[in-house]
*Asks:* 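Here's a structure for you.
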Amino acid sequence: MSSTTAPRTRSAGRQAGVAVAHDAVQRGSKRKRHYGTHLFLVVMAVMWLVPLGWALYTALRPSWATNQYGYFSVQGPFNFDNFVQAWTQGGFSKYFWNSVIITVPAVLLTLFLASLMAFAVSRVNWKFNITLLIMFTAGNLLPPQVLAAPLFLMMKHFQVPYAVSDSGNMLNTYISVIAVNTAFQIGFCTFVLSNYMKALSPDLTEAALVDGAGLWRQYWEIIMPLCRPAFAALGTLEVIFIYNDFFWPLLFIQNGDRLPVTTAINNLQGQFFNDYNLLAAGAVITVIPTLVIYLLLQRQFVAGLTLGSSKG
Amino acid sequence: MTTSSTASRTGGGPAPRKGPGPRKRPGHVRRLSRRDVLVLSAMVAIPTLIQLIFVWLPTLFSIGLSFLKWNGLDFADMKPAGVDNYRFILQDYPPFWPAIQHNVLWLVFLAVIATPIGLLLAVLLDQNIRGTRIYQSIFFAPVMLSLALVGIIWQLFYQRDNGLLNFLLGTAGTPQAVDWFGDSSVNIWAALIAATWRHAGYVMLLYLAGLKGVDPTLREAAAIDGANSFQTFFRVVFPAMKPVNIVIVVITIIESLRAFDVVYVINRGTNGLELLSALVIQNLVGEGQVLGVGSALATVLLVVSLVPIVFYLTRTFGKDSRS
């Protein structure tokens, strides 16, 4: 959010304590019933769930059943055949693997490089740290389409041995997608991590300095371990961001077999044109990892978003 | 490259003392040993190089390409084009002005419909009612989906013959059935509702965090002064969330400029769904690969995007850089 996020988070914690006490007092005196609010929220929640629910419902029905009874019907069997078919024949197992190959290195690289940069701009006082931080933050806010053409040309004209890429250039490689995703996300992570590191007491590294610790030891042995909560939050968020990235693989990867699942489903839309049950199954399969991560790591996820909500 | 050399220059010399009054800041340059200078240079140089190569140089190249005529194949074929590409998109390129209109519509819709819905949900959920977490998870779930997937899921909902919406409206199978994504007079609205589904949840979460940070004594003071809940909210609580409000404004503008995935999975941004971002890509990967035109469109998108970006950066870093 702003550059003072981390301190504010701390005071917010204190205020939350106050708020709890405050609520307890209020609860004691009069407890409002909120029927109207609940009615409104239930209606909204149902509307919010309909698209996902419909996708799941469609995915669970075999296409012959919907052909026979119509999509808007309750008859017929429900099973996981569409999921099995999407997984085996639709190639989802392969696309998932591609997503893993792209997401894992991109997230690790992003976090590592951003932590280096954040340390340099927040824990060392030198001339250009604000300028650099502005450059990184601004980069993350650009629409990707602005740089699409030059990046495409760079990947196309960058010659590599055929052992590395069967196209002889960087197009059609996972590396191109990893590199661009990493570059794009470093800005966001640097911004969040530098706010976090700024909020850590200067005494921590002062003491180490007296003991003769160099910058690297301050970074690796003092600051990094203290940033674990921020890494957990950012890591969760970045996995979701990069898994959900649709655009860069669309631009760089021409061989359909190498697409990550988020981009591949666009191709399947054409392929499964007349089988909406199968497309729905594909959509549900694609959603599952993000929903699981969200439900398991909700706290980290929300912390990450609110730590640095500059993300567009 | 330049950064690493400046880093070592600043690091090697005595510490530059900026202004009077010693500032309590972590780490002081003057204490850096030669080895520390090397470490610092590497720490800064590697991410900066990556950022320059993959983000900022391409941005500059985009501007450069927009003044060229080139097929992207042989570097010898580049020809200067002056402002021809710009003249072409402004005068002779039919989808340009519709795309501008759609981008503006996208922004207005998110700002007037989606963002207030998110704010309303946040305010309601902040009241400590029963089941807050469940509601929160439901409204937030779409934010976990990529926009491409949002487009596909809503396709199932909007479909002409088999979609849920036409069944619910009772128009399925009749000539009145609306092809929500195919009909160019309605598809932008259909896409906007799908985008709202995701945007409102995001806004809700940010405002929920913002509301928790508002000092509760402010509300008490307002209550003592006899303000009703509307007055308390709009005169006291909402202004107190200024930092969150700024973030929301920036996110809303940037999201509407970045909008791409939804329209691309629907019909590649044609037939009523033209957006600047989609036009850029059509000119790059389409049949008539026109790099100059695509880059001119990208430059227009860049110039428009710089407005919210600069606004946000001055808000965020203005104080820091002055102190």
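To find a chain, count down the sequence lines: A is the first, B the second, and so on, and within it residues start at 1.
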*Asks:* Nearest 0.5 Å, please: how far is CG in A:Asn140 from CD1 in B:Ile309?
*Replies:* 9.0 Å
*Asks:* When only pairs under 4.5 Å are counted, which of B:Ile248, B:Thr299, B:Thr252, B:Ile153 shares the most heavy-atom pairs with chain A?
*Replies:* B:Ile153
*Asks:* Quick one: does A:Trp216's side chain have a donor or acceptor within less than 3.5 Å of a partner on B:Val39's backbone?
*Replies:* no
*Asks:* Please report the interatomic distance CD(B:Gln127) to CG(A:Leu41), rounded to the nearest 0.5 Å.
*Replies:* 8.5 Å
*Asks:* Would you mind checking which part of A:Met44 comes under 4.5 Å of any heavy atom in chain B, side chain (CB onward), backbone (N, CA, C, O), both or neither?
*Replies:* both
*Asks:* Tell me, do B:Leu284 and A:Phe152 make a side-chain contact under 4.5 Å, heavy atoms counted?
*Replies:* no
*Asks:* Between atom CG of A:Leu113 and atom CG of B:Leu49, what is the distance when rounded to the nearest 0.5 Å?
*Replies:* 11.0 Å
*Asks:* What do the steps show when you test A:Phe247 against B:Phe260 for ring pair (Phe, Tyr, Trp, His ring centres under 6.0 Å), and what is the final call?
*Replies:* CA-CA 9 Å; A:Phe247 181 64; B:Phe260 172 79; 5.2 Å; yes
*Asks:* Can you tell me how the ring of B:Trp70 sits relative to the ring of A:His157, calling it parallel under 30°, perpendicular over 60° and tilted otherwise?
*Replies:* parallel
*Asks:* Heavy-atom pairs under 4.5 Å with chain B - which of A:Thr131, A:Leu204, A:Leu250 has more of them than the others?
*Replies:* A:Leu250
*Asks:* Non-hydrogen atoms of chain A under 4.5 Å away: do they reach the side chain of B:Leu125, the backbone, both or neither?
*Replies:* side chain
*Asks:* Is B:Asp36 reaching over with its side chain to a backbone N or O of A:Leu215, donor-acceptor style, under 3.5 angstrom?
*Replies:* yes
*Asks:* Checking B:Trp154 side chain against A:Pro51 main chain: does a donor-acceptor pair fall under 3.5 Å?
*Replies:* no
*Asks:* Which one, B:Ser295, B:Gly131, B:Ala141, B:Ser137, leads in non-hydrogen pairs under 4.5 Å with chain A?
*Replies:* B:Ser137
*Asks:* Do B:Leu147 and A:Phe246 come close enough that some side-chain heavy atom pair is under 4.5 Å?
*Replies:* no
*Asks:* With respect to chain A, which residue among B:Asp261, B:Ile134, B:Ile53 yields the maximal number of heavy-atom pairs within a distance under 4.5 Å?
*Replies:* B:Asp261
*Asks:* Measure the spacing between CG of A:Asn244 and CG of B:Leu149 and express it to the nearest 0.5 Å.
*Replies:* 7.5 Å
*Asks:* Is a side-chain donor or acceptor of B:Trp56 paired with a backbone partner of A:Phe136 at a separation under 3.5 angstrom?
*Replies:* no
*Asks:* Select one option (side chain, backbone, both, neither) describing which atoms of B:Ile152 are under 4.5 Å from chain A's heavy atoms.
*Replies:* side chain
*Asks:* Ring pair (Phe, Tyr, Trp, His ring centres under 6.0 Å), that's the test. Do A:Trp48 and B:Phe139 meet it? Break it down for me.
*Replies:* CA-CA 6 Å; A:Trp48 239 249; B:Phe139 295 128; 5.6 Å; yes
*Asks:* CD1 of A:Ile130 to CG of B:Leu313: how many Å apart, nearest 0.5 Å?
*Replies:* 11.0 Å
*Asks:* Does any N or O in the side chain of B:Ser62 come within less than 3.5 Å of the main-chain N or O of A:Val146, such that one atom is a donor and the other an acceptor?
*Replies:* yes
*Asks:* Could you have a look at B:Ile253, B:Leu145, B:Leu165 and say which one has the most heavy-atom pairs with chain A under 4.5 angstrom?
*Replies:* B:Leu145
*Asks:* Pick one of side chain, backbone, both or neither for A:Ile186, based on which atoms fall under 4.5 Å of a heavy atom in chain B.
*Replies:* side chain
*Asks:* Using 30° and 60° as the class limits, which term best fits the ring planes of A:Tyr294 and B:Phe140: parallel, tilted or perpendicular?
*Replies:* tilted
*Asks:* Could you look at B:Ile117 and say if it's the side chain, the backbone, both or neither that has a heavy atom under 4.5 Å from chain A?
*Replies:* side chain
*Asks:* So which heavy atom on B:Ala298 is nearest to which on A:Gln145, and how close?
*Replies:* CB-O, 4.0 Å
*Asks:* Please look at A:Tyr219 and chain B and tell me whether the side chain, the backbone, both or neither of the residue comes under 4.5 angstrom of a heavy atom of that chain.
*Replies:* side chain
*Asks:* At a heavy-atom separation under 4.5 Å, does B:Ile63 approach chain A through its side chain, its backbone, both, or neither?
*Replies:* neither
*Asks:* Given heavy-atom pairs under 4.5 angstrom as the criterion, report whether the side chain, backbone, both or neither of A:Leu251 touches chain B.
*Replies:* side chain
*Asks:* Between B:Phe61 and A:Leu147, is there a side-chain heavy-atom distance shorter than 4.5 Å?
*Replies:* no
*Asks:* Could you check which of B:Leu65, B:Leu57, B:Leu257 has the highest count of heavy-atom pairs closer than 4.5 Å to chain A?
*Replies:* B:Leu65
*Asks:* When you compare the side chain of A:Met135 with that of B:Thr48, does any pair of heavy atoms fall below 4.5 Å?
*Replies:* yes
*Asks:* Under a 4.5 Å heavy-atom cutoff, which of A:Phe301, A:Phe112, A:Phe119 has the most pairs with chain B?
*Replies:* A:Phe301
*Asks:* Let's test your reading of the structure: which of A:Val287, A:Val180, A:Ile240 forms the most heavy-atom pairs below 4.5 Å with chain B?
*Replies:* A:Val287
*Asks:* Chain B heavy atoms under 4.5 Å from A:Tyr57: which part of the residue, side chain, backbone, both or neither?
*Replies:* neither
*Asks:* Of the listed residues (A:Asp245, A:Leu142, A:Thr286, A:Thr182), which shares the most heavy-atom pairs with chain B below a 4.5 Å separation?
*Replies:* A:Leu142
*Asks:* For a quick test of reading the model, state the closest non-hydrogen atom pair linking A:Gly139 to B:Val55 and the distance between them.
*Replies:* CA-CG1, 3.9 Å
*Asks:* Select one option (side chain, backbone, both, neither) describing which atoms of B:Ser305 are under 4.5 Å from chain A's heavy atoms.
*Replies:* side chain
*Asks:* Verify whether one side chain among B:Gln51 and A:Thr190 offers a donor that lies under 3.5 Å from an acceptor in the other.
*Replies:* no
*Asks:* Measure A:Val284 against the heavy atoms of chain B and call it side chain, backbone, both or neither at under 4.5 Å.
*Replies:* neither
*Asks:* Run the ring pair (Phe, Tyr, Trp, His ring centres under 6.0 Å) test on B:Tyr135 and A:Phe40 for me, step by step, so that the C-alpha distance in whole Å, both residues' side-chain angles and the decisive distance to 0.1 Å come before the verdict.
*Replies:* CA-CA 11 Å; B:Tyr135 288 125; A:Phe40 178 78; 10.0 Å; no
*Asks:* To the nearest 0.5 Å, how far apart are OG1 in B:Thr316 and CD1 in A:Ile134?
*Replies:* 9.0 Å
*Asks:* So which residue, A:Ala55, A:Gly187, A:Ala149, A:Ala114, ends up with the most heavy-atom pairs under 4.5 Å with chain B?
*Replies:* A:Ala149
*Asks:* So which residue, B:Leu124, B:Thr59, B:Val300, B:Val280, ends up with the most heavy-atom pairs under 4.5 Å with chain A?
*Replies:* B:Leu124
